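Only one structure is covered here, and it is reproduced in the block below.
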Amino acid sequence: MKDPNNTRNTAPRRGSPLWIYFVVVIVLGVAACATAFSGLSGPDLDALASTPVFWILGCFIIFGELRPIITPGSTENNGATTSTTFSFAALLYAGLPIAAALQVIAVVTCGIFRGRTPHRIAFNAAQYTLSLAAAQLVLALFGDLATPTDLWVPDGRDLPAIALAGAVYFACNDTLVGSAVALHERISLMKALRFDLGYQVLVHLALLGLAPLMVVAMDRSAVFVPLIVLPFIAVYLNASVSVRREHQALHDGLTGLPNRKLLIVRTEEALAEARGAGKRAQRAGALGKHFPLRTEPPGHRAGLFLLDLDRFKEVNDTLGHPTGDRLLQLVAHRLTHSVRPGDLVARLGGDEFAVLLPSVRDEAAAREVAARLRAALSEPVRLDGMSFDLEASVGIALFPDHAPDFELLLQRADVAMYNAKEARSGVEIYSPAKDRNSPARLSMLGDLRRAIDRSELELFYQPKISLRDGQLVGMEALLRWRHPDKGILEPAAFLPIAEQTYLMRSITHHVVGAALAQAAAWWREDLTVQIAVNASGRDLLDTGLTETIEEGLLARGLPAAALQLEITERILMNEPAYASDTVGALADLGIPLSLDDFGTGYSSLVRLKHLPVEEIKIDSSFVGRLTESTDDAVIVRSIVDLVRTLGLRSVAEGVEDPATAQALREMGCDAAQGWHFGRPMDAETATTWLRDAFLAVPSTFGP
């Protein structure tokens with residue numbers, strides 16, 4: 001039952017702890033083999049070649065290596081092998097050289113047949129050789145040493161020596177393998193050993209206990225040996241059926257990955273380990289008050305990722321389910337070989353996968369793993385003569401930060417994944433503010449609803465300045481919430497919640513009304529300034545928005561040009577928003593549009609050309625690095641040239657220093673806003689600022 005997603009064939013990095021461990025064990029194994037073989041004489045070799053029982057033993061050892069008794073829950077052939085009985089019998093009957101030689105031949109043959117890498121074959125050969133050598137030392141202490149020319153058949157008095165030798169063989173073998181697993185999966189040795197310790201003890205007790213009976217049978221006649229093999233065949237067949245059923249119950253049939261059942265089991269184990277680490281850290285902290293030198297790291301976190309392939313349905317619909325299934329198998333392979341050793345990749349169904357991180361330092365480390373997964377999937381795939389570019393959205397939830405148990409952890413990873421899809425960000429960590437079912441979110445919504453009624457939502461204003469002559473181009477209205485307990489909150493703290501509910505419509509209408517009222521107050525003082533208000537894609541689908549703006553302009557005697565709507569570039573990706581009646585109605589009314597955050601989305605120039613846009617705002621992520629990054633400077637210059645070609649105004653956001661302003665001026669950018677020109681101001685402060693600005697340099701903007 002070969003696992004296509006197994007990572008143990010991957011060679012360890014040179015110089016890593018696992019690599020050093022492999023080298024040490026292999027060198028010791030070679031030394032043990034050399035020592036054992038050095039004691040062989042010519043008569044010993046002749047006896048070996050002429051005795052049929054050794055050839056029969058060799059065949060059975062190879063067969064036992066090829067057909068192990070698989071450990072329940074294991075995903076690869078790493079269970080107890082029936083070859084244990086035959087190699088231990090060879091040790092008792094003819095000594096270490098014969099047993100080691102037959103076992104090494106079997107390991108190499110099995111390794112080649114199963115396609116294992118040389119480092120695994122060498123390690124397994126050394127592991128068995130060292131275990132047999134340890135058992136041989138115990139037998140030597142009792143004076144029971146055999147050679148091919150001096151065969152040893154134990155009697156009842158020798159059972160204590162055989163039992164102790166078998167126990168040492170098992171302890172040595174299990175410790176060598178457990179240490180390799182612990183280093184590979186980055187877990188403690190005790191955790192690796194106790195994973196299936198009870199099962200291994202029981203199986204090895206039976207396998208090693210049969211070895212003396214095998215010796216007695218071999219000594220009588222080689223014909224008796226096959227008779228003893230029959231029980232092994234029965235045990236193997238029954239165990240194989242049982243393991244196959246268990247494997248099918250715990251694994252996905254298409255990809256071979258663990259399914260939801262096994263994911264639950266492994267997650268519960270990881271959470272229990274994390275809780276234990278937390279308690280140990282607390283005890284260490286308490287002891288540290290009295291014994292400062294005795295410290296332990298804080299309890300670690302566990303992480304659960306939910307990963308969903310973007311646009312996978314298109315593959316199934318276009319090329320059929322067989323191609324889609326092959327693509328899922330490839331995705332499973334890439335994910336398994338991209339996570340850290342010890343992490344678990346599971347398939348939950350369809351194109352949805354889960355990744356369990358039993359131990360993760362913090363959110364930043366979790367993001368690194370998620371980024372590595374997305375990078376692995378982004379490599380082009382070629383199937384049926386076609387090339388695919390895969391993308392995935394990943395949601396992350398951490399224990400104990402976001403949830404105390406598996407079900408809640410999975411639910412919150414799911415929330416984060418859908419947030420990543422909606423925002424097209426690729427990776428999102430769970431945030432209560434973005435969870436529609438979060439108690440914190442429901443509480444925030446209640447506070448926000450009351451904030452609208454209590455006029456706690458307030459507009460701040462930031463100027464847009466012409467880079468040619470320093471004159472005022474307009475003011476952008478920025479929403480703030482004067483929370484009675486939390487102070488002034490910026491939009492990022494509450495608008496993502498509002499955008500998912502009906503409250504967004506109320507907030508937008510409130511903002512438009514407040515902006516028009518402020519514009520009217522300024523225009524009455526001859527401060528003829530255009531106010532820009534941000535609008536979401538949901539707002540452009542609101543047919544009542546145009547009516548509200550038109551009524552507000554008429555009621556206050558303002559021209560349509562007194563108000564500007566800023567929309568983000570991503571709205572151009574939304575066909576319904578782009579083609580909505582609201583956009584046409586706003587154009588007929590004469591309300592100009594400004595395209596915000598330009599450069600962060602996927603604009604269509606055809607759509608851009610047909611929208612009533614008067615200006616393009618270059619995103620601050622490019623502007624902020626303008627003087628430091630050549631690439632960003634090239635991007636900004638290209639946008640400025642494009643905007644000029646389209647006959648529009650370019651406005652740079654996030655200008656915070658004179659050097660950036662000068663660079664933009666030299667590029668031909670029309671206007672800019674940022675802390676260099678003025679920070680967001682409340683209405684009273686903005687009014688004073690405008691009076692001074694108009695007295696110094698009259699605005700070129702007018703009715």
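This chain uses plain numbering: 1 for the first residue, then up along the sequence. Please read these numbers as outputs of a predicted model, since none were measured by experiment.
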From Val651, Val623, Val643, residue fulfilling side chain to side chain contact (heavy atoms under 4.5 Å, CB included) relative to Ile618: Val623
Between Glu490 and Phe460, is any pair of side-chain heavy atoms under 4.5 Å apart? no
Under 3.5 Å: donor-acceptor pair, side chain of His510, backbone of Ser506: no
What is the minimum heavy-atom distance between Ile396 and Ala370, and which atoms define it? CD1-CB, 4.0 Å
Could you work out, with salt bridge (charged side-chain N to carboxylate O under 4.0 Å, His left out) as the rule, every residue matching Arg482, not counting sequence neighbours? Glu458
If you take all heavy atoms of Phe399 and Ala274, which pair is closest and at what distance? CE2-CB, 3.6 Å
Side-chain touch Thr267/Leu344, heavy atoms, less than 4.5 angstrom: no
Report yes or no: do Ser629 and Asp631 form a side-chain donor-acceptor pair below 3.5 Å? no
Set of side chain to side chain donor-acceptor pair (under 3.5 Å) partners for Ser378, sequence neighbours left out: none
Find the distance between CD1 (Ile452) and NE2 (His509) and round it off to the nearest 0.5 Å. 11.0 Å
In this structure, CG of Asp596 is separated from CG of Leu565 (nearest 0.5 Å) by 12.0 Å
Check: Asp405 side chain, Leu408 main-chain N or O, donor-acceptor pair, under 3.5 Å: yes
May I have all residue pairs that pass salt bridge (charged side-chain N to carboxylate O under 4.0 Å, His left out) and include part of residues 363-381, sequence neighbours excluded? none
For residues Leu257 and Phe353, determine if any side-chain heavy atom of one lies less than 4.5 Å from a side-chain heavy atom of the other. yes
How long is the straight-line distance from CD of Glu269 back to CD1 of Ile264, given to the nearest 0.5 Å? 12.5 Å
Asp414 side chain vs Leu410 backbone, donor-acceptor pair below 3.5 Å: no
Heavy-atom closest pair, residues Arg480 and Pro680: NH2-CG, 3.9 Å
Ala270 and Pro358: which non-hydrogen atoms are nearest, and at how many Å? CB-CA, 3.8 Å
Could you pull out the closest heavy-atom pair between Ala416 and Tyr430, with the gap in Å? CB-N, 3.7 Å
Ring pair (Phe, Tyr, Trp, His ring centres under 6.0 Å) with His483: which residues, sequence neighbours excluded? Trp481
Side-chain contact test, heavy atoms from C-beta onward, threshold under 4.5 Å: evaluate it for Leu664 versus Val655 and give yes or no. yes
Would you mind telling me which of Leu489, Leu457, Thr508, Val533 makes a side chain to side chain contact (heavy atoms under 4.5 Å, CB included) with Leu479? Leu457
Check whether any side-chain heavy atom of Met417 lies under 4.5 Å from a side-chain heavy atom of Glu428, and answer yes or no. no
Would you mind listing every salt bridge (charged side-chain N to carboxylate O under 4.0 Å, His left out) that reaches into residues 336-362, with sequence neighbours excluded? Asp252-Arg347, Arg340-Asp343
For Val360 and Ala365 the tightest heavy-atom approach is CG2-CB, 3.9 Å
Are the side chain of Arg301 and the backbone N or O of Leu398 linked by a donor-acceptor pair below 3.5 Å? no
Side-chain ion pair, Arg266 and Glu273, N-O less than 4.0 Å: no
Value for CD1 (Ile616) from CG (Leu593), rounded to nearest 0.5 Å, stands at 10.0 Å
Apply side chain to side chain contact (heavy atoms under 4.5 Å, CB included) to residues Phe406 and Leu263 and explain how you reach the verdict. CA-CA 9 Å; Phe406 170 79; Leu263 177 66; 3.9 Å; yes
Going by salt bridge (charged side-chain N to carboxylate O under 4.0 Å, His left out), name the pairs with one or both residues in residues 632-643, residues two or more places apart or in two chains. Arg625-Asp632, Asp641-Arg644
Set out, in order, the CA-CA distance, both residues' side-chain angles and the distance that settles side chain to side chain contact (heavy atoms under 4.5 Å, CB included) for Leu309 and Leu328, then state yes or no. CA-CA 9 Å; Leu309 300 181; Leu328 289 175; 4.1 Å; yes
Please assess Trp675 against Gln462 for the test side chain to side chain contact (heavy atoms under 4.5 Å, CB included), listing each intermediate value before the final yes or no. CA-CA 9 Å; Trp675 287 7; Gln462 187 175 35; 3.9 Å; yes
Would you compute the distance between atom CG of Leu307 and atom OG of Ser393 and round it to the nearest 0.5 angstrom? 8.0 Å
Would you please test Thr546 and Ile591 for side chain to side chain contact (heavy atoms under 4.5 Å, CB included) and show each step? CA-CA 9 Å; Thr546 306; Ile591 301 295; over 6 Å; no
With the threshold set at 4.0 Å, does a side-chain nitrogen-carboxylate oxygen contact exist between Lys464 and Glu476? no
Is there side-chain contact between Val355 and Val394, with at least one heavy-atom pair below 4.5 Å? no
Could you measure the distance from the OH atom of Tyr418 to the CG atom of Leu306? Nearest 0.5 Å is fine. 8.0 Å
